[in-house]
Every structure is written in structure tokens, then in C-alpha cells.
Amino acid sequence: MAKKYWLVKSEPDVFSIDDLAKTKNQTTYWDGVRNYQARNFMRDEMKIGGKVLFYHSNSDPVGVVGICEVVKEGYPDFTAFDPEDKHFDPKSKKNEPTWIMVDIKLVEKLKRTVTLSEIKANPKLQNMKLIQRGSRLSVMPVDKSEFDEIVKMSKK
DNA sequence: GCCAACGTTGGC
DNA sequence: GCCAACGTTGGC
């Protein structure tokens, strides 16, 4: 069954929520994911209309900064075919692409960042993959209750 | 910049 | 198939 709520990580030095806001149609392709688990989520389960928490990693502060929506379902990540691209992967063939991406569109920037430390401190959010030991997934499913809780926290 | 945790690679 | 070495992620 397709899941409806997600969290994606981005390093704001590379691509931030403000960069997304400035992008045409506030829509971007989510390229460069080179992890099979994350790839499988995008390929199999991220459906149009799915809601996505946009998370800033390697930043100050670290945390959830916005809400997006899936507007295009899994298709080949063409950056894997380009030898000049940072995410080039010679193993990925055009007729049999290894890597997949989706398009996401900005819905809203949160009024404030919901920080990682707040998430860790919230008893309702203890099951999030995000805070599980050593979790390095850059695309992960989130429960509706967790999604709603984070949005609620951003309004306080 | 450090380093723990993780995924991938490659020798055997 | 095992596992050491290596590269990457990402919080601090």
C-alpha cells in the first residue's frame, strides 16, 4: 500500500527550502539519491498528493523547515547518466536505470523550524526513523500522526 | 573538524 | 559468503 507521508533530507548549503521557493513553480526533481532503500520508496510508494516534510541536515538549526507535495511519481534520475554530474553512476543504464527520482512542490514553509532536538524530546515522535540510531536514510516514510504533530509544533 | 554509524566494495 | 577497508552521512 502506498504511504502518504514522507520526510526528505537536504543540506541547505546544497539545496534549501528557500532555493525551492525560488524555483520555477516551486517544484523540483529530487535527484541524487543513491541509496537503495530510499530509491525503493520513491519508485514504489511515493504517489501524487503524498505530503512531504522538508528537512535541513548539516545546518544550524537542524530540523524540519517546510511541507511539500509529490507532484510527479518515480521516473529515472537522469543525473546518473551524466559523467559531468556529481551524482553520475556508470552502473545506471538508460534502458535500465538504477536510480529513481520524484518531483516535489513546495506547499508551505513552516513559520519556524521544528528542530531535531525538539523532535527527540517529544514523546509522540519517538518512533520516527529520523531519530533512530544511525539512521541515514534521506527519504523515509512518516506516520500521519507524526506529520501532524510536527506541523502543530511549528505553529507554537 | 571530528567521529560514530552505516553501506558498499572487493579480495579471498 | 565472509569481512576488512573504505567512503559517506550527518550530528555535534
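Naming: A, B, ... by sequence-line order, numbering from 1 per chain. Please read these numbers as outputs of a predicted model, since none were measured by experiment.
The nearest pair of heavy atoms linking A:Leu106 to A:Ile67 is CD1-O, 3.7 Å. Closest approach of A:Lys47 to A:Val70, counting heavy atoms only: O-CB, 3.3 Å. Nearest heavy atom pair, residue A:Gly32 against residue A:Asp77, reads N-OD2, 2.8 Å. In plain terms, the two heavy atoms of A:His56 and A:Ile17 that are nearest each other are NE2-N, 3.1 Å.
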Output a table of nitrogen or oxygen pairs between the protein and nucleotides 2-5 of chain C separated by less than 3.5 Å.
none

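Residues in residues 57-92 of chain A take part in these ring pair (Phe, Tyr, Trp, His ring centres under 6.0 Å) pairs, two or more places apart or across chains: A:Tyr29-A:Phe78. Pairs passing the side-chain hydrogen bond (donor to acceptor under 3.5 Å, both in side chains) check and including a residue from residues 113-123 of chain A, sequence neighbours excluded, read A:Arg112-A:Glu118, A:Thr115-A:Ser117, A:Thr115-A:Glu118, A:Asn122-A:Glu149.
Among residues two or more places apart in sequence or in another chain, the salt bridge (charged side-chain N to carboxylate O under 4.0 Å, His left out) test is passed with A:Asp89 by A:Lys91.
A:Glu69 places no side-chain N or O within 3.5 Å of a backbone atom of A:Lys105 that could act as its donor or acceptor partner.
A side-chain contact (heavy atoms from CB on, under 4.5 Å) with A:Ser138 is found for one member of A:Val33, A:Leu7, A:Val8 and no other, namely A:Val33.
Between A:Tyr36 and A:Trp99, the ring planes lie tilted relative to each other; the angle falls in the 30° to 60° range.
For the helix from B:dG1-C:dC12 to B:dC12-C:dG1, the end axes, each set by the C1' atoms of five terminal pairs, are bent relative to each other by 10° (nearest 10°).
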Problem set entry | Footprint string (nucleotides 6-12 of chain C, 5' to 3'): B base within contact, S backbone only, - free, heavy atoms under 4.0 Å | -BBBBBS

